[in-house]
Asker: 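Quick one: structure below, then a few questions.
Nothing here was measured: the structure is a model prediction, and the numbers come from that model.
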Amino acid sequence: MERTVIIVAGGKGLRMGRELPKQFIPLRGKPVLMHTLDVFYRWDPVADLLLVIPEEHDAYWKMLCKELNCIIPHRVVYGGGTRFHSVKNGLNETQKRGLIAVHDGVRPFVTQDVISSCFTIAEAFGAAIPVIPMIESVREISRGGSRPFDRNRLCIVQTPQVFRADLLQEAYKQPYDECFTDDASVVEAAGHTIRLVDGKRENIKITTPMDLQYAEIYLENRSLL
């Protein structure tokens, strides 16, 4: 079955507090996005890999690939005003059937088994996303204050989110809605059921300076194994 991976890195990364978007920040000698690209290439060297990046950083990405000798086959697509529109731009560039995964460009530590599990379940049921349990106490906020909420009814959503190609393409024909926080919410709004797969804690989304520090420590510890 054909496999397509859309790696979304079209954001400006303002929460990182730097001029350079977070996906291009160096991590152990190469940008975060290149680490992510490498993970999926090692998982399946023949998968169709699409990177969605800001148009204004296209030349910069090409320069990085040349300087760092990145020869992984991939195509570049320009991002949109929101994540929804960035993914849609990626979908418009692929006509392949089979399965399509959408992954955050700043999640470079996703494991091969999580990727494989998501593809396996999506092939069987149409849509699969990785999640991890909520381990901290949570409260529900209302106008009258707040109250404890059962954390066992919650989970934290990760990527890659994998879907049957026709199902995802059809779902993205819907008009944009602010409630679309990820691809699963788009597909669910189109009337489809989402299957959950066990994710992993190390599959963090590098968003803040603290996340970047964790990433450095994680890679250091992994190199010592």
Side-chain angles (χ1 to χ4, degrees), residues 4-45 47-79 83 86-87 89-90 101-118 129-132 156-162 181-183 198-225:
T4 301
V5 180
I6 300 174
I7 300 176
V8 186
K12 301 185 183 300
L14 300 178
R15 280 176 287 182
M16 188 62 74
R18 302 190 185 191
E19 290 186 9
L20 187 66
K22 57 194 175 185
Q23 59 268 35
F24 302 117
I25 293 176
L27 184 61
R28 281 301 181 100
K30 62 183 182 181
V32 171
L33 181 57
M34 205 170 285
H35 285 276
T36 306
L37 180 66
D38 183 61
V39 169
F40 283 92
Y41 180 69
R42 285 187 286 109
W43 174 71
D44 183 359
D48 187 19
L49 304 178
L50 282 74
L51 299 189
V52 184
I53 64 174
E55 183 174 2
E56 60 268 30
H57 285 86
D58 181 52
Y60 182 67
W61 173 252
K62 289 177 180 175
M63 180 270 292
L64 288 174
C65 289
K66 184 176 181 180
E67 285 192 353
L68 299 172
N69 193 33
C70 177
I71 58 174
I72 296 174
H74 66 276
R75 293 185 283 152
V76 170
V77 181
Y78 298 143
R83 188 183 189 281
S86 289
V87 174
N89 288 352
V102 184
H103 186 71
D104 297 321
V106 289
R107 288 189 190 268
F109 304 138
V110 62
T111 60
Q112 306 282 300
D113 57 330
V114 168
I115 298 171
S116 294
S117 295
C118 289
I129 64 172
V131 300
I132 57 175
I156 298 171
V157 176
Q158 301 180 330
T159 65
Q161 300 187 358
V162 185
T181 56
D182 63 359
D183 310 288
D198 289 336
K200 290 195 175 179
R201 300 246 164 233
E202 62 263 38
N203 185 19
I204 65 166
K205 185 176 182 181
I206 299 177
T207 304
T208 67
M210 185 173 292
D211 297 331
L212 194 61
Q213 291 177 24
Y214 171 87
E216 293 280 3
I217 295 170
Y218 177 80
L219 285 177
E220 173 67 24
N221 290 339
R222 194 167 69 177
S223 69
L224 296 175
L225 295 178

Asker: Does any N or O in the side chain of S117 come within less than 3.5 Å of the main-chain N or O of I115, such that one atom is a donor and the other an acceptor?
Answerer: no
Asker: For the atom pair CD1 (I72) and SG (C65), what is the distance rounded to the nearest 0.5 Å?
Answerer: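 Answer for the CD1-SG pair, I72 versus C65, is 8.5 Å.
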Asker: Please state whether the rings of F24 and W61 are parallel, tilted or perpendicular, taking 30° and 60° as the class boundaries.
Answerer: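 F24 vs W61 ring planes: tilted.
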Asker: Return the OG1 to CD1 distance between T159 and I129, rounded to the nearest 0.5 Å.
Answerer: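 It is 10.0 Å, given to the nearest 0.5 Å.
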Asker: V157 and I132: side-chain contact (heavy atoms from CB on, under 4.5 Å), yes or no, with the steps?
Answerer: CA-CA 7 Å; V157 176; I132 57 175; over 6 Å; no
Asker: Is any side-chain heavy atom of F40 closer than 4.5 Å to a side-chain heavy atom of D44?
Answerer: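 In short, these two side chains do not touch, never coming nearer than 4.5 Å.
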Asker: Side chains of S116 and D113: any donor to acceptor distance under 3.5 Å?
Answerer: no
Asker: If I compare all heavy atoms of V110 with all of P160, which pair ends up nearest, and what's the gap?
Answerer: CG2-CD, 3.7 Å
Asker: For a quick test of reading the model, state the closest non-hydrogen atom pair linking S86 to V8 and the distance between them.
Answerer: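 So the two residues come closest at CB-CG1, 4.0 Å.
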Asker: Compare every heavy atom of A101 with every heavy atom of V162, then report the nearest pair and how far apart it is.
Answerer: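 That closest heavy-atom pairing would be CG2-CB, 3.7 Å.
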Asker: Let me see the working for C70 and K30 under side-chain contact (heavy atoms from CB on, under 4.5 Å), right down to the final yes or no.
Answerer: CA-CA 10 Å; C70 177; K30 62 183 182 181; over 6 Å; no
Asker: Taking the side chain as C-beta and beyond, is there a heavy-atom pair between L37 and H74 under 4.5 Å?
Answerer: yes
Asker: Where is the tightest heavy-atom contact between L219 and H35, given as atom of each residue plus distance?
Answerer: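 Closest approach of L219 to H35, heavy atoms only: CD1-CE1, 4.3 Å.
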Asker: Is the shortest side-chain heavy-atom distance between D58 and I53 below 4.5 Å?
Answerer: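 SC-SC contact between D58 and I53 confirmed.
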Asker: Could you walk me through whether L212 and I25 pass side-chain contact (heavy atoms from CB on, under 4.5 Å), step by step?
Answerer: CA-CA 9 Å; L212 194 61; I25 293 176; 3.7 Å; yes
Asker: Decide whether Y78 and N89 meet the rule of one side-chain donor and one side-chain acceptor closer than 3.5 Å.
Answerer: no
Asker: Is I7 close to L50 at the side-chain level, that is, under 4.5 Å between some pair of heavy atoms?
Answerer: no
Asker: Any donor-acceptor pair under 3.5 Å linking the side chain of T4 with the backbone of D48?
Answerer: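 No; zero donor-acceptor contacts below 3.5 Å.
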Asker: Heavy-atom count around D38 CG within 6.0 Å, excluding the residue itself: above 12?
Answerer: yes
Asker: Has D211 got a side-chain atom pairing as donor or acceptor with T208's backbone, closer than 3.5 angstrom?
Answerer: yes
Asker: Between the main-chain N or O of N203 and the side-chain N or O of R107, is there a donor-acceptor pair closer than 3.5 Å?
Answerer: yes
Asker: I need the single residue from Q158, Q161, Q23, R83 that forms a side-chain hydrogen bond (donor to acceptor under 3.5 Å, both in side chains) with D104. Which is it?
Answerer: R83
Asker: Go through the steps for V131 and I156 under the test side-chain contact (heavy atoms from CB on, under 4.5 Å), then give the verdict.
Answerer: CA-CA 5 Å; V131 300; I156 298 171; over 6 Å; no
Asker: A side-chain contact here means heavy atoms from C-beta on lying under 4.5 Å apart; do L51 and R75 qualify?
Answerer: no
Asker: Can you name the nearest heavy-atom pair linking P108 to V39, along with the distance?
Answerer: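 Nearest pair, atom of P108 first, then V39: O-CG2, 3.3 Å.
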Asker: Of the non-hydrogen atoms in V114 and P130, which two are nearest, and what is the gap between them?
Answerer: CG1-CB, 4.0 Å
Asker: Evaluate the ring planes of Y214 and Y218, with Trp represented by its six-membered ring, and classify them as parallel (under 30°), tilted (30 to 60°) or perpendicular (over 60°).
Answerer: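 Judged by the thresholds at 30° and 60°, the geometry between Y214 and Y218 is parallel.
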Asker: Could you note down all residue pairs passing side chain to side chain donor-acceptor pair (under 3.5 Å) where residues 63-73 supplies at least one of them, sequence neighbours left out?
Answerer: none
